[in-house]
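The first residue in the sequence is number 1, and the count goes up from there. Only heavy atoms go into these numbers, but all of them, side chains included; no hydrogens, no water, no symmetry mates. The model shown is predicted, which means the values in this text are computed figures rather than measured ones.
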Amino acid sequence: YSNLDYGIQVTTTGVGNRIAGNSIDGRNDENYGVYINAGDRNVISNNAIFGHTWAGVVIFSTATQNIVVGNILRSNRNSGVVFSGPGVNESRIVSNRIDGRSIQTQGIVLEFANRNIVSNNSVHHHRLDGIQIRNTSRSNGLYANRVYSNSRMGIALTNAGPSRNRVVRNLVYANTAAGIHLANGTNTYVLNNTLALNAGGGVRIGAVAGISNRFVNNLLQSNGSRGVTNAAAGTRWQFNDVFGHAANYANSTALAVSN
């Protein structure tokens, strides 16, 4: 604690390190808990990381095959875990507890990051979104996460260019805005998710979302007044169960339904 910028930093020559079992306290204006810049095959596990002014864990630049597993991250002012950079590939965020304590802005952010897996995390009580995939991030997978009680979206795909991402078997509930918001992106596959009690609706699909987005076999129950709001042409909607809303479908653009 009481470091100016980083609790722990790994740079380009940092390969194959294990950062485990630490308490990393940023309450004296430390920016980052763990910061990896272009280091590969590092493991960040079973740490308590809290109170940083920017983020708990940042993987940046060309870092590949890193693992963030089993950590407790709370009250980091901007984000819990951030993967940022076109070379942040083939890494995993697994089985972490990410609690914003209504201080942290986002739980997990992937930006310009490709072929990463985010699975089995608990992400809750953030001032904005639980999980964001944004910018040109592609071929990432969100699997079996529990995302709840965030003050905006549960899961959001946003900004220009995310593509070929998968959102599968997540439980998304009690968020203030929509459970899943596809503001932008193409070839997104949303499968077997449960979305319930999200005040701003179950699924929102923005007008700038691209073509070939598929929603298959999802359950949407009692999400505010609207189950699905779709403003994008070409969204494919198959075998979804939508009920318990004043308007189950609130479409300005028709869904391509093929149940």
Side-chain angles (χ1 to χ4, degrees), residues 1-12 14-61 63-85 88 90-111 113 116-134 140 142-152 154-155:
Y1 62 94
S2 297
N3 300 295
L4 180 60
D5 285 319
Y6 312 105
I8 297 172
Q9 182 184 20
V10 178
T11 57
T12 53
V15 175
N17 297 287
R18 187 175 187 89
I19 301 167
N22 301 285
S23 178
I24 306 174
D25 180 352
R27 286 177 293 182
N28 289 320
D29 292 327
E30 192 170 276
N31 286 330
Y32 307 99
V34 178
Y35 188 93
I36 295 179
N37 183 356
D40 300 334
R41 299 188 300 280
N42 299 287
V43 178
I44 304 166
S45 66
N46 299 304
N47 301 284
I49 305 172
F50 55 94
H52 297 86
T53 60
W54 185 251
V57 175
V58 175
I59 312 292
F60 181 70
S61 186
T64 64
Q65 298 180 6
N66 292 287
I67 301 173
V68 182
V69 58
N71 301 283
I72 298 172
L73 299 105
R74 67 178 186 270
S75 304
N76 298 291
R77 198 168 301 166
N78 188 280
S79 302
V81 180
V82 178
F83 283 7
S84 179
V88 180
E90 299 170 2
S91 295
R92 289 182 281 167
I93 303 170
V94 181
S95 299
N96 300 281
R97 287 188 287 163
I98 306 176
D99 179 359
R101 298 281 176 97
S102 300
I103 295 171
Q104 204 160 274
T105 304
Q106 290 107 194
I108 296 172
V109 177
L110 307 182
E111 56 182 6
N116 300 289
I117 292 175
V118 178
S119 66
N120 295 102
N121 300 283
S122 176
V123 185
H124 58 94
H125 288 99
H126 294 89
R127 291 191 297 113
L128 294 180
D129 304 329
I131 301 176
Q132 284 188 357
I133 299 179
R134 64 193 192 200
N140 299 289
L142 308 183
Y143 301 113
N145 300 285
R146 187 160 66 105
V147 186
Y148 63 97
S149 297
N150 298 290
S151 294
R152 199 167 68 177
I155 296 171

| message | Taking the side chain as everything from C-beta on, heavy atoms only, tell me whether Val10 gets closer than 4.5 Å to Asn37. | response | no
| said: The criterion is ring-ring contact (aromatic ring centres under 6.0 Å, His included); which residues satisfy it with Phe60, sequence neighbours excluded? | reply: none
| query | For Leu73 and Val57, which heavy atoms make the closest approach, and how far apart are they? | reply | CD2-CG2, 3.8 Å
| query | Considering residues at least two apart in sequence or located in another chain, which fulfil the side chain to side chain donor-acceptor pair (under 3.5 Å) criterion with Arg41? | reply | none
| said: Checking Val69 now: which residues fulfil side chain to side chain contact (heavy atoms under 4.5 Å, CB included) with it, not counting sequence neighbours? | reply: Val43, Ser45, Ile67, Val94
| task | State whether the side chain of Asn116 and the backbone N or O of Val88 hold a donor-acceptor pair below 3.5 Å, judged by distance alone. | result | yes
| query | Who passes side chain to side chain donor-acceptor pair (under 3.5 Å) against Arg146, sequence neighbours left out? | reply | Tyr173
| Taking only residues two or more places apart in sequence, or in another chain, which ones meet Asn145 in a side chain to side chain contact (heavy atoms under 4.5 Å, CB included)? | Val118, Asn121, Ile131, Leu142, Val147, Asn170
| request: Look only at the side chain of Asn96 and the backbone of Asn71, and say whether a donor-acceptor pair between them is shorter than 3.5 Å. | output: yes
| Residues in side chain to side chain donor-acceptor pair (under 3.5 Å) with Ser79, at least two apart? | Gln106
| Gap between atom CD of Gln9 and atom CG of Asn31 - 0.5 Å precision | 11.5 Å
| query | Any salt bridge (Lys or Arg N to Asp or Glu O under 4.0 Å) pairs touching residues 51-60, not counting sequence neighbours? | reply | none
| field | Partner residues of Asn17 under the side chain to side chain donor-acceptor pair (under 3.5 Å) criterion, sequence neighbours left out | value | Asn42
| field | Ile108 side, atom CD1; Ile133 side, atom CD1 - distance, nearest 0.5 Å | value | 10.0 Å
| salt bridge (charged side-chain N to carboxylate O under 4.0 Å, His left out) partners for Asp40, two or more places apart | none
| Does the pair Arg74 and Phe50 meet the rule for a side chain to side chain contact (heavy atoms under 4.5 Å, CB included), with working shown? | CA-CA 5 Å; Arg74 67 178 186 270; Phe50 55 94; 3.7 Å; yes
| message | Please check: side-chain N/O of Asn76 versus main-chain N/O of Gly51, any donor-acceptor pairing under 3.5 Å? | response | yes
| request: Any salt bridge (Lys or Arg N to Asp or Glu O under 4.0 Å) involving residues 120-129? Give me the pairs, sequence neighbours left out, ordered by first then second residue. | output: Asp129-Arg152
| request: Quick one: list whatever passes ring-ring contact (aromatic ring centres under 6.0 Å, His included) with His124, sequence neighbours left out. | output: Tyr148
